[in-house]
Amino acid sequence: MKKIAVIMGSDSDLPVVGKAIDTLQELEIPTEVHVFSAHRTPEACAAFTKTARGNGFGAIIAAAGKAAHLAGAIAANTTLPVIGIPVKSSTLDGLDALLSTVQMPSGLPVATVAIDGAANAALLAAQIIAVEDQALADKLDALRVKNTEAVLKKDAEICAKYHN
Ligand code: RP5
């Protein structure tokens, strides 16, 4: 199975990024987690990214806040699919990170999820590598059923509470 890399710009992003790591672990996808910064450690970030395909990765998730150039800097150095998570910081409600991540120039795509949308980033990365992996596709289908059942259970609880 292809591996998925989860890169965050700072360890302060971990409370958000943890949801992506948890989701990948639930799907039993081999995952590598790193702190690389587009600004603070650009050489280490580029070195990892340039060798990622050869090292068995199928997608890269990149999470950053504020001037969130991490996903774009990674996309500049690979043609692997790159999924950006804009992380909400203490100011501007994450809009700064959303625009920094999503507004890529033509030719360098970053698939950007919602602000703090770490679980969806993991699911999208999993769906990308599941194109060539039926066993993983089956796990994704099962997870979708489980999530649907959880929502139907909530509906039943709300209906009971309000005597619908
Ligand atoms: C970004 O700056 C990081 O991704 C983080 O969201 C933000 C703040 O980083 P710290 O100052 O907490 O290390 O590069």
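Indexing begins at 1, ligand by ligand and atom by atom, following the structure's order. What you are looking at is a predicted structure, and each value in this text was computed from that prediction instead of being measured. FYI, side chains are in, hydrogens and waters are out, and symmetry mates aren't considered; it's all heavy atoms of this structure.
- The shortest separation from a heavy atom of Arg40 to ligand 1 is under 4.0 Å, placing the residue in contact.
- Within the 3.5 Å criterion, the main-chain N or O of Asn55 finds a donor-acceptor partner in the side chain of Lys3.
- Taking only nitrogen or oxygen atoms, main chain and side chain alike, Ser10 reaches within less than 3.5 Å of ligand 1.
- Proximity annotation for atom 1 (C) of ligand 1: of Ser12, Gly65, Gly9, Gly65 comes nearest, heavy atoms only.
- Counting only distance, with no hydrogens or angles, the side chain of Thr51 and the backbone of Phe48 share a donor-acceptor pair below 3.5 Å.
- Among Val17, Ile85, Asp96, Asp13, the residue whose heavy atom lies nearest to atom 3 (C) of ligand 1 is Asp13.
- Annotation: the span from Glu28 atom CD to Leu136 atom CG amounts to 10.0 Å, rounded to 0.5 Å.
- Using a 4.5 Å heavy-atom cutoff, the side chains of Ile83 and Val113 are in contact.
- Side chain of Thr31 to backbone of Ile29: a donor-acceptor contact under 3.5 angstrom is found.
- The shortest separation from a heavy atom of Val87 to ligand 1 is not under 4.0 Å, leaving the residue out of contact.
- Atoms of ligand 1 lying under 4.0 Å from at least one heavy atom of Ala64, given by number and element, are 4 (O).
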